[in-house]
Amino acid sequence: MLIQRSPEILSSEITPRAVFENRRAFIQKMAAGSIAAGVVGTLNTAQAQSASAQKLTAKANPLYQVTDKTTPYKDITSYNNYYEFGTNKGEPVMSAGTLKPRPWNVVVDGLVKKPKTYDLDSLLKLAPLEERLYRLRCVEGWSMVIPWIGFPLAELIKQVEPTSDAKFVEFVTLADPKQMPGLLSPVLDWPYREGLRLDEANHPLTLLTFGLYGEVLPNQNGAPVRITVPWKYGFKSAKSIVKISFTNRMPVTSWNQSAPQEYGFYSNVNPNVDHPRWSQASERRIGEDGFFSPKRKTLMFNGYETQVGQLYAGMDLKKFY
Ligand SMILES: Nc1nc2c(c(=O)[nH]1)N[C@H]1C(S)=C(S)[C@@H](COP(=O)(O)O)O[C@H]1N2
Ligand SMILES: [Mo]
């Protein structure tokens, strides 16, 4: 069944329920004894940011709406992986206020006929924005269902005209220690880098993303522009992108560099290939499944197998993990 709705209505309706849900999740986490006292502060910070957030509305594209229940706004914006703002999931919502998402430039270069530096407004004008409800699954075994706003990355790729040598696309996140306190810690080799094969980057599911839930991206979700690749583990979706480069070699990616035996270049959601330290066969839906609920089964390519399966035809997905 397709879900048709207006983002404006959603964002105004959601707050009371979201506050309730977040509190419930918090109580569940307290019960499980897995939360630090400092996390209480995230509730207020998240509410303040949402009250002042800039609206960004777009028509829902009926072709890209999963039927799962949308994760509450509060969970999407207060349970984040963004290591530039701390390695705990409650940290980015508290510390990402120092990120300045405007003015912002994205350099598009490498093996293209028309390299160009786009400012945010010229990037936003490249194609009509649409809202898409996608699943996001983290390699850590949790997932969310997020109403993203953006347009296919293919629209940008078309503009810059990759040469016939271009085979891969590299994404680079901002690395400014003045804006990003997490850069002081050497958890990753900054800047955060990710990459896709050119055909993956051109796939209609790959979304250049500017907003969620009818608002511009909150800083902790990767403002002002990120990538969303719904059939791959969340870490492939680089946040706060400042550079997109076309190359003929497979790019070095931050997670592959830090732990090559754990994180391969492909990183497709695949319940049949375990992470070396844990199973990938199931997941917990944030905001919905408590610590005591049975975990739900993880789907091949995160449920997008009919759309993306042929990209990997003939590849051994245990080898190309
Ligand atoms: N620059 C940057 N991008 C990043 C990360 C990060 O730490 N830094 N974390 C990744 C991981 S592991 C996940 S699961 C998703 C989380 O996106 P969300 O916080 O919007 O849900 O962002 C990805 N993009
Ligand atoms: Mo992740």
Side-chain angles (χ1 to χ4, degrees), residues 42 46 49 70-96 99 101 104 106 132-150 170-177 179-183 185-196 206-213 215-244 253-259 262-264 267-269 275 277-278 280 283-287 298 302:
T42 64
Q49 288 188 346
T70 307
T71 302
Y73 176 87
K74 279 292 180 291
D75 293 303
I76 295 171
T77 57
S78 64
Y79 189 91
N80 300 101
N81 270 334
Y82 199 167
Y83 277 23
E84 288 86 336
F85 294 101
T87 55
N88 293 322
K89 266 160 269 300
E91 273 181 286
V93 66
M94 292 191 285
S95 61
L99 178 71
W104 193 271
V106 180
R132 298 179 172 198
L133 193 61
Y134 281 169
R135 297 185 197 87
L136 174 141
R137 189 197 189 278
C138 181
V139 75
E140 296 163 337
W142 50 268
S143 60
M144 299 197 200
V145 179
I146 303 179
W148 300 110
I149 296 164
E170 182 191 49
F171 304 93
V172 184
T173 294
L174 177 75
D176 178 2
Q179 297 180 59
M180 300 170 141
L183 296 188
S185 147
V187 266
L188 289 172
D189 183 18
W190 314 110
Y192 191 99
R193 278 150 299 131
E194 258 308 335
L196 294 172
T206 302
L207 198 70
L208 193 64
T209 306
F210 302 91
L212 58 80
Y213 254 112
E215 299 179 0
V216 301
L217 280 174
N219 288 354
Q220 63 273 24
N221 293 91
V225 58
R226 69 177 290 170
I227 203 82
T228 307
V229 196
W231 71 95
K232 292 177 181 274
Y233 292 116
F235 64 88
K236 295 299 282 183
S237 297
K239 295 177 168 179
S240 309
I241 292 170
V242 292
K243 194 160 103 145
I244 300 176
T253 68
S254 294
W255 282 104
N256 182 242
Q257 189 179 36
S258 78
E262 302 194 4
Y263 308 110
S267 303
N268 288 316
V269 174
H275 184 280
R277 290 182 282 138
W278 58 80
Q280 290 292 18
E283 67 200 58
R284 189 167 56 86
R285 184 66 46 84
I286 299 300
T298 285
N302 207 19

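Small disclaimer: the values here were computed from a predicted structure and weren't measured. Each ligand, and each atom within it, is numbered from 1 in the order the structure gives.
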Would the Tyr233 and Trp255 ring centres measure less than 6.0 Å apart? no
Charged N to carboxylate O under 4.0 angstrom, Glu194 versus Lys232? no
N/O donor-acceptor pair under 3.5 Å between Asn219 side chain and Leu99 backbone: yes
Less than 3.5 Å apart, N/O on ligand 1 and N/O on the protein: could you list those pairs with the distances?
from: ligand 1; atom 1: 1 (N); to: Glu84; atom 2: OE2; distance (Å): 2.9
from: ligand 1; atom 1: 1 (N); to: Thr173; atom 2: OG1; distance (Å): 3.0
from: ligand 1; atom 1: 3 (N); to: Lys239; atom 2: N; distance (Å): 3.2
from: ligand 1; atom 1: 7 (O); to: Tyr83; atom 2: N; distance (Å): 2.8
from: ligand 1; atom 1: 8 (N); to: Glu84; atom 2: OE1; distance (Å): 2.8
from: ligand 1; atom 1: 9 (N); to: Asn81; atom 2: O; distance (Å): 3.2
from: ligand 1; atom 1: 17 (O); to: Arg226; atom 2: NH2; distance (Å): 3.4
from: ligand 1; atom 1: 17 (O); to: Lys239; atom 2: NZ; distance (Å): 3.4
from: ligand 1; atom 1: 19 (O); to: Asn80; atom 2: ND2; distance (Å): 2.8
from: ligand 1; atom 1: 19 (O); to: Lys239; atom 2: NZ; distance (Å): 2.7
from: ligand 1; atom 1: 20 (O); to: Asn221; atom 2: ND2; distance (Å): 2.9
from: ligand 1; atom 1: 20 (O); to: Arg226; atom 2: NH1; distance (Å): 2.6
from: ligand 1; atom 1: 24 (N); to: Ser237; atom 2: O; distance (Å): 2.8

With a 4.5 Å limit on heavy-atom distance, are the side chains of Asn221 and Asn80 in contact? yes
Hits for salt bridge (Lys or Arg N to Asp or Glu O under 4.0 Å) against Glu84, two or more places apart or cross-chain, chain-then-number order -> none
Answer yes when Arg193 and Glu170 have at least one side-chain N-carboxylate O distance shorter than 4.0 Å, and no when they do not. no
